[in-house]
Amino acid sequence: MPSASDRTRGPGLTTLLRLAGLLVLAAAVLSFPSVAANPFILSVGVVIMSYAVLATGWNFVGGFTGYMSLGHAAYSGLGGYATALLIIESGLNPWLALCLGALLTALIAVPVGIASLRVRGASFVIVSIAFVLILQLVFQSWGEFTGGSNGLRVPRPFGPDVLRPEQHERFFYLHAAVLAIALLAWWLIDRSRFGIGLKAIREDEDKAQALGIPTFTYKLVAFVVSAFFTAIGGGLYALWFGYLDPIFQFSILIGSYMVLMSLLGGIRSLYGPLLGALVVGYSVEFFKNEYGDTQFHLVATGLLLGLVVLFMPDGVIPALAALLRRFRPQASSIREVTQAELAEQRESQESGPITQGAKR
Amino acid sequence: MTSTHEQPAEQRESARIGLAATGLSKAFGGVRAVDDATVSFHHGKVNALIGPNGSGKTTFFNCVTGMIKPDSGTVTYDGADITGKAAHRIARAGIGRSFQLCRIFPRMTVLENVLAAVRPPSRTRLLASAHHRDDVARARELLSRVGIEHLERADARDLSYGQQKLLELAGVLMADPDTIMLDEPAGGVNPALIERIAGLVRSLNAEGKTFIVVEHNMELVMSLSDHVVVFDRGRRISEGPPSVVQNDPRVLEAYLGV
């Protein structure tokens, strides 16, 4: 892996640590169904995995380009409804319907992206919310096709002989597989030329364009990929949960959860959204359980977000990484310069913070 | 448009016109920032664009590099019309630029800042590692050329302002433009660094790069440039070799407001 060996001088210690971390993570995820105490805990696990897929899907556009879509429920909802309707109306195999539904959603994301990625910052956020609200109204009103406010029952992909705990377990592993693919795709983009272009857009879009990066195309591709993975997450959820209601599928709340989870974990980290989903997903289920059918879980979740933004603005993972770095030898310090370089710096008499430090 | 890329320095025709603007205008509300400006810049030279504050130099830069669309007029590069084209297309045609208040990617490392300017050979290579061996080698070469190679793993935002200016220049060079437009390269940096930047401009020019430099430091302009264009109120009022422009009464009038 050239990227790792270029960055570190040691014999790939970081790579080894990363691999070990990945193995532990995979083992923890795969063993969860067998250690889960009861079907309820297992179902919470499925919900958290579903959130993790959605948040990781969101992070293709949010993390790389910095465009904060609050309306990503549009794509999870479309993915869910497309999957369900393809099964109901065309009698497709559920898994084929899931893939086709996600592709259709990605196709819809193309014109939406072309329209909404023209504006930046707060304007983009508002456009993304507008789209999800339009979809909510359409899916509520178009009753004969979508089931309207009565909801839509999604045929179960597994036969009636598969019992509920078995269902949960299968869907847990399915979500884990999709999550693994999404994480792999994110990692591939992160280390690629395309990824560095996307990150340049996040940092300074005009500057990126002035360097020759076709910013609009880059953003659009990231947006469509993001919609695809979010739709897969939504479709898988629909197959598991078995019921869709426009109020919940196309809610700003679901989109906000994706943003909250990613921000909490760290949008610039591969596992950020996953960690965020774990914390937020568990908290939401916990609060719902504690406070019953009230809206208090929203208040608690809001408080959580407030705390994170105050104390870990970059997310949990970067905060932890910074903490770890403090215990390491300062081998990678930017102050590490040779005598010759020091002399040269003195010569040029720079007054920046780094050279000041080096002079002392 | 890409024909000039492979041309060796010694074969270039210094009389050839690169960037040219004809009747270029851009107004912001009632202010005519650039007003019917007609200018052309020859290849192989260090051109300076000077003028009092608010004379439209930066707006001119932004219009020709596609950052903003001009209201009227045409911009050509090597004879091809680039008026109102997207900024990345103009960049890919061979024009690189720096920004007045130095713009870098703050939360990326110094090395990544330079690598971001790599132009992939084909679309399929977009998913190849950004830290491709050849690219990294070239990026390091450029970083050492501007003198900040020891900082390659630092976050760009941790650099001093002067170092950030050098980093921005390295990034521009990574895209390998024929024409480099610098907006106030000496603004806000100390005299030693100004000398270093001037040295870089000279050596790059000797290798065949064309420069168009907006600058207020007259000493630097006069010592560095082959050709000086003077702007006032959005249009060209004078041009010529530094010694001629320096004594042009119109220029003195514009600067001193006599």
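A note on names: the letters A, B, ... follow the listed sequences, proteins ahead of strands, and every chain is numbered from 1.
- Looking only at heavy-atom pairs under 4.5 Å with chain A, the residue among B/L126, B/N113, B/D135 that has the most is B/L126.
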Intermediate values then yes/no, side-chain hydrogen bond (donor to acceptor under 3.5 Å, both in side chains), B/T58 and B/D183: CA-CA 7 Å; B/T58 296; B/D183 200 348; 3.1 Å; yes
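- Between chain A and the options B/A117, B/A86, B/A128, the largest number of non-hydrogen pairs under 4.5 Å is found for B/A128.
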I'd like a table of donor-acceptor pairs (distance under 3.5 Å, sequence neighbours excluded) in which one partner is a side-chain atom from residues 165-172 of chain B, with atom names and distances.
unit_1	atom_1	unit_2	atom_2	d
B/K165	NZ	B/E184	O	2.6
B/K165	NZ	B/G187	O	3.3
B/E168	OE2	A/K207	NZ	3.3
B/E168	OE2	B/F99	N	3.0
B/E168	OE2	B/R103	N	3.2

Criterion side-chain hydrogen bond (donor to acceptor under 3.5 Å, both in side chains) on B/N190 and B/R196, from CA distance to verdict: CA-CA 10 Å; B/N190 66 53; B/R196 197 199 285 191; over 6 Å; no
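- Qualifying side-chain contact (heavy atoms from CB on, under 4.5 Å) partners for A/T215, counting only residues two or more places apart in sequence or in other chains: A/I201, A/E205, A/A208, A/Q209, A/I213.
- Contact annotation for B/I104: only backbone heavy atoms (N, CA, C, O) come within less than 4.5 Å of a heavy atom of chain A.
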